[in-house]
Amino acid sequence: MSGFDIHRIEREGVERWEHAFEADPVSGEKFYLNVAYPYPSGGMHVGHGRTYIIPDVLARFQRMKGRQVLFPMAFHVTGTPVIGISRRIAHGDEEAIGLYRDLYRVPQDVLDRFVDPMEIVGFFSQEYMRIMGRCGLSIDWRRRFTTIDPQYSRFIEWQYSHLHERGYVVRGAHPVKYCPQCENPVGDHDLLEGDRAEIIRFTLVMFRFRDALIPTATLRPETTYGVTNLWVDPGVTYVRIRIDGQEWIVSPEAAEKLALQDHEVFVLEQIPGSDLVDKTVTHPLSGEVPILPAAFVDPDMGTGIVMSVPAHAPFDYIALRDLQRQGRYTGLRPISLIAVEGYGEFPAVDAVERAGILDQNDPGMDALTQEVYSAEFSRGRLHERYGGKTVREARDEVAALMTEQYGSVVMYEFDTRPVICRCGSRVYLKILHDQWFLQYSDPLWKEEVHRQVAAMSLVPTEVRAEFDRTIDWLKDWACTRRVGLGTKLPWDPAWIIEPLSDSTIYMAYYTIAHRLREIPAENLTPEVFDYIFLGRGEPETLDRETLDELRQEFTYWYPYDYRFSAKDLISNHLTFQLFHHRAIFPGELQPGGMVVFGMGLLNGAKMSSSKGNVFLLEDALDEFGADTVRMFLVGSAEPWQDFDWRNELVSSTRKQIERFWNTVQEAMSAEGGQPIDTWLKSRLQRRIAATTAALEGFQTRQALQEAFFGIEADLKWYRRRLTEGSAGGAVLWDLSRVWIRLLAPIIPFTCEAAWREIGEEGLVSFAPWPVADEELIEPEIELAEDILARTVEDIESIMKLIQMEPASITLFIAPEWKRTIFSTVAASSDRTKVTREVMAIEGMRQRGREAADVVKQITRLVLKFPPQLVDQLRQSAIDEREVFEGAREFLEKEFGVPVRILDAEESRHAKASGALPFKPAIVIE
RNA sequence: GCGGGGGUUGCCGAGCCCGGUCAAAGGCGCAGGGCUUAGGACCCUGUCUCACAGGAGUUCGAGCGUUCGAAUCGCUCCCCCCGCACCA
């Protein structure tokens, strides 16, 4: 008998498993599962732990079911994050250094080398491997790679050549957030402020002003028909610029922005806003209109000059009203062009007057503007003389007309401000040229992916709607970058393939990764990959034998069965990979299924490395042990639910594992037989079946409930039912052999040790999964125990109530005719008419009132019992008296007093008449 | 705003899809008892309210409704969380 030494057990497990899970093709059935690989730029926390442990539990389960299981892992190192981190560390950024030194506890000498980004990924990928090993992950590490390995780059080049050939990669221009200080596009995570800012596309409506143009930015080009004037701020100094061969008048801020948006801009001269006031401009859709002064005009928004549609824009109306109240421009009248339900001829006028707005500085103006705009957009319609279309339709049409005929161009702006880069500089919008896009907008491609999603197994099923929605919503994706680590675009090497785009079909790469490592990258030509993955061509850089082996291994594993990932990747990665699989691989190699995980919380708050709200996985392993961590992560929630890590809950998990270990130890000395053994065996078969079903459905938490807590509960009743002095029969030994295997996927270290402890050969990790034996299921015996347990509960609750020292217990068994009523009630479909049904039975009527009362009581009893139990009771021939007689000794032991079993009808005791079938009357004296 | 998911007894979290096993699993916390030199270990009991005979009453975000019967079905409302792009 050995003590439970968790450290020794874990050490031994890691050693014994070192090469155990290296999986090569065999003749049997395979199961290939994979997980979104990590980006090793920081420490692993318990949230990461769960992401890999749950798939591992399922991998281990499938392996014990006899399948050849492939569970690989690699490291994603492409992109810019580590470059940024190393730069910050090199610059002595205290925040970054603190994070790595204090939170992740990187040794100083290693930290010093972090000025090189490769050192960061090198260090952390080793750490990840080591910690994943400590977690007991059954990974085939031979297949590990990083996304900047030269062989992997050849693979990505092959993939992109195909995408390019098939027209899925196209060239275009693209607006991005851009920092002029860093001279780089910036992502949301690079921003100090404004990370929620969205890019808005404005149409510039070009008004002619003498020999120049005055562009005004609008989101509602269709309202140009209703323009009555322009607004300028007389206090602002505007500039005249030469731009793309024309001359425009705009604010200086606008000139700067336009210069980044695909225009060549030269500032010619300055023009005070006051000089523009009272001049006139013209536009084909509005005719000649004056320029008026207004204070609300923001030179940093759009072009700094605004077109005015007082009939439909509250700001325009109020500014006009302010002027007219001073007796100026009283001749100007709003021009109505949109009819919208709930408003009169001039919606903006109605809204402003209704809301009682005082002037253009009123704080309610923004909300009011929103109200009018959205009412017009959703329900508005242009008047007949302007075409009669809905606003929704007219907007795009007029915008197109403007661009084609009236010289309009597009200008981009952020919807919120300020937007500030980490470097402190203001962020602008820049049009990037010659950008390469993955054409996810292609309707045929989308359609194919929709069909794929429909054919896949998705867990949980609710995510299907989210996938379909993502497919519809995806637009073209800019798939190349100027900076960062990654593979160069094969036909345009000035670009690097972006990190999300180089990680879409690497699950195929795993199948041969360990073999490719031995082949010089230059030999991995596109022809080689064509041969391996598509089975065609005659490559010359590799010998035929190797090629055939590679092809065989690929086709053995592929397609993968399940991919696991957290749910935040649905809207990009998980959907992208489906697009790419459709584009590259034939129908029979498409993904089989996906399991989408919930998020991790720490003490109820969202886990986040950047906020320091994390619990490091290694600390958890040190403090609680690997199996405890595994069991907690598996047991706290189903995979797709959010889970919450709380230390105090974790420590109780540890005690549970020790309890299991002790039970197994004790069972080794069990011998002989006990009457209750059959019951335990029967229950065990049900636990096996339930655990198996739960794991087949990816319900790891449910599986643990059955396999651990369920069996424990059974054992508790079993021990209670043992005869005095017995520690249990040899059945406990059988139970241990099953129990260890049922828990092996979840707490493999403990189970591996226990398996050896009980004298079994080989690794439990490869032991056959238990199968429920129908022959051992004894419904009648389970039923009898059920009735007994209910009666014990009844006795206990009475004893508690009466608070007296009992001298004896008498059970009265209900007579046969009540059993007849029970069957009738149980079988009845309409319980409101059951009394009539019973009274129709021969002999019932003369029992009169008593029978009617009993029907009422039994109906209540039937409703209270589980429906399944009722069915069983109705159909079984169980002899109640025998059940209780058989348990008399047990009852006497339990309650420490003599127990009598009597027939109710043979007693005159007042309580005896209350006996019901399967619920004897109880008298305690 | 758009899309997805939720609100259950002190807390976490089952159950709701397939209405009666539900006062509602399990865990944590708390209380009492046992064991013990001691215990942050282990075991037992209790933990909505009332009740000295196995019972009754009020609960499952709020409010209506369907039904003999609703945490579970329908409608309305309130609140919370997640994703929304060039980024891992």
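Here is the naming used below: chain letters follow the sequence lines, and residue numbers restart at 1 for every chain.
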Quick check for you: among B:rC42, B:rA88, B:rG83, whose closest atom lies nearest to any side-chain atom of A:P81? B:rA88

For A:Y373, the ring pair (Phe, Tyr, Trp, His ring centres under 6.0 Å) test, sequence neighbours excluded, returns none

Once you apply a heavy-atom cut-off of 4.0 Å, does A:L569 come out as touching a base, just sugar-phosphate, or nothing? base

Please state whether the base of B:rA88 and the side chain of A:N572 form at least one donor-acceptor pair under 3.5 Å? yes

Choosing from B:rG4, B:rA25, B:rA88, which nucleotide comes nearest the side chain of A:P499? B:rA88

Restricting to ring pair (Phe, Tyr, Trp, His ring centres under 6.0 Å), what partner residues turn up for A:F660, sequence neighbours left out? A:W739

Identify, residue by residue, the members of residues 915-925 of chain A with a heavy atom below 4.0 Å from RNA chain B, and return them in order of residue number, or none. A:K919, A:P920, A:A921, A:I922, A:V923, A:I924

Going by atom types only, do A:Y37 and A:S503 share a side-chain donor-acceptor pair under 3.5 Å? yes

Which is true for A:K475 with a 4.0 Å heavy-atom rule: it touches a base, it touches only sugar-phosphate, or it touches nothing? base

Any base atoms under 4.0 Å from A:Q641, or only sugar-phosphate, or nothing? Heavy atoms, all strands. sugar-phosphate

Can you find a side chain N or O atom of A:R659 that sits less than 4.0 Å from OP1 or OP2 on B:rC43? yes

Classify the nucleic acid contact of A:H174 as base, sugar-phosphate or nothing, counting any heavy atom under 4.0 Å across all strands shown. base

Taking only the side-chain nitrogens and oxygens of A:K716, find out if one of them lies under 4.0 Å from OP1 or OP2 of B:rC43. no

Check whether any side-chain nitrogen or oxygen of A:K911 sits under 4.0 Å from OP1 or OP2 of B:rA53, and answer yes or no. no

